[in-house]
Amino acid sequence: RRPDAQPVLLIPGFMAGDATLKGMAAMLRGAGYRTYRSQIHVNVGCTREAADRLERRLESIAIRRGRKVSIVGHSLGGMLARGLAARRPDLVHGIVSMGSPIMAPGAVHGVLAWDAEMLTRLARAGFGGLMSDDCVGGECARSSFEEMQAPLDPDVAFTAIYSRRDGIVDWRACIDPAAEAVEVPTSHLGMAFDPVVFDVVRDALDRHQVMRASRAAAPDVSAQLRPAVNR
């Protein structure tokens, strides 16, 4: 990989870990990107705490590479990516979400809601590191949702991948008005493994780089718009 290769942080979905995105990471490395794991073994904890850890991870990568980082997130991982981009635009080059119900986190299949309920029950029973009631419907959940809905910096590129065949989340909840929406013909879980989705993600990251390069090369017209000074 080139020393100046664009760094990409990969964030797994709910109840998944970094291993589920190994195939995508390999593809991106082959395409010239430098990939980084989120260091999430199983994404089942408090989303606010996860966001705080990911922010530190993001900052570490940006300092190490000396440049902003792209983020690719699957499902809940995409929602976390959206929140991080709103929170730290100084660290984020662009984001790609895959099957992430950013607009309505509750628009999910009953089996996923049941999984979340079981995690909260286990948390109430004393099992640490799991989602609590506050993470699902309290202040923690509200603040996380508000962060995901916060306006994005215009310099942060955003591509939202969705599928009408998702089967787990309502595809309409995945289309953020701030994003370029791209449809794929795969299932929710399949987005982490489908080579078609891999190509879409790579193309999105390529476009993000082109967009940023074009903006950097655009002439500064601000001086031309300043009013003339009478002498």
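FYI, the numbering just counts along the sequence from 1.
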Check A81 against I71 and note the closest heavy-atom contact, atom names and distance. CB-CG2, 3.5 Å
Look at the side chain of S38 and the backbone N and O of I40, then say whether any donor-acceptor pair between them is shorter than 3.5 Å. yes
Tested for side chain to side chain contact (heavy atoms under 4.5 Å, CB included) against R53, the lone hit among R56, R57, E55 is R56
Contacts under 3.5 angstrom, residues 152-160 side chains, donor-acceptor by atom type, not counting sequence neighbours:
| from | atom 1 | to | atom 2 | distance (Å) |
| --- | --- | --- | --- | --- |
| D153 | OD1 | D155 | N | 2.8 |
| T159 | OG1 | H208 | NE2 | 2.9 |

Apply side chain to side chain donor-acceptor pair (under 3.5 Å) to the pair Y36 and D18, showing each step before the final yes or no. CA-CA 10 Å; Y36 291 87; D18 287 327; over 6 Å; no
Side chain to side chain contact (heavy atoms under 4.5 Å, CB included) against A26, all qualifying residues, sequence neighbours excluded: R29
Please confirm whether the backbone N or O of P7 pairs with a side-chain atom of K68, one donor and one acceptor, at under 3.5 Å? no
Heavy-atom nearest pair, T35 first then A25, reads CG2-O, 3.7 Å
Do you know the tightest heavy-atom contact between P12 and L10? CD-O, 4.0 Å
Treating Ile, Leu, Val, Met, Phe, Trp and Tyr as nodes and any side-chain heavy-atom pair under 4.5 angstrom as an edge, say whether I175 and V96 lie in one connected cluster. no
Could you tell me whether E147 and R48 make a salt bridge, using a distance below 4.0 angstrom between a side-chain N and a carboxylate O? no
Heavy-atom distance under 4.5 Å between the side chains of M24 and V201, does that happen here? yes
Between V184 and D194, is there a side-chain heavy-atom distance shorter than 4.5 Å? no
Do any N or O atoms from the side chain of R67 and from the backbone of D4 form a donor-acceptor pair under 3.5 angstrom? yes
So, Y162 versus D170: side-chain donor-acceptor pair below 3.5 Å or not? no
Supply the atom-to-atom distance L54 CG to I11 CD1, rounded to the nearest 0.5 angstrom. 4.5 Å
Would you find more than 12 non-hydrogen atoms of other residues, nucleotides or ligands less than 6.0 Å from R165 atom CZ? no
Find out if a path of hydrophobic residues (ILVMFWY) with successive side-chain heavy-atom gaps under 4.5 Å connects L28 to F193. no
If two hydrophobic side chains count as joined below 4.5 Å and joins carry through other members, does V182 share a cluster with F198? yes
For D52, is there an ion pair with R87 - N to carboxylate O distance below 4.0 angstrom? yes
Using a 4.5 Å cut-off on heavy atoms from C-beta on, say whether the side chain of H188 contacts that of S163. no
Measure the CG-CD1 distance between L91 and I63 for me, rounded to the nearest 0.5 Å. 8.0 Å
Taking the side chain as every heavy atom from C-beta outward, state whether S70 and Q6 have any pair of such atoms under 4.5 Å apart. yes
Could you grab the distance from atom CZ of F14 to atom OG of S100, nearest 0.5 Å is fine? 13.5 Å
How close do P101 and C174 get, heavy atom to heavy atom, and via which atoms? N-SG, 4.0 Å
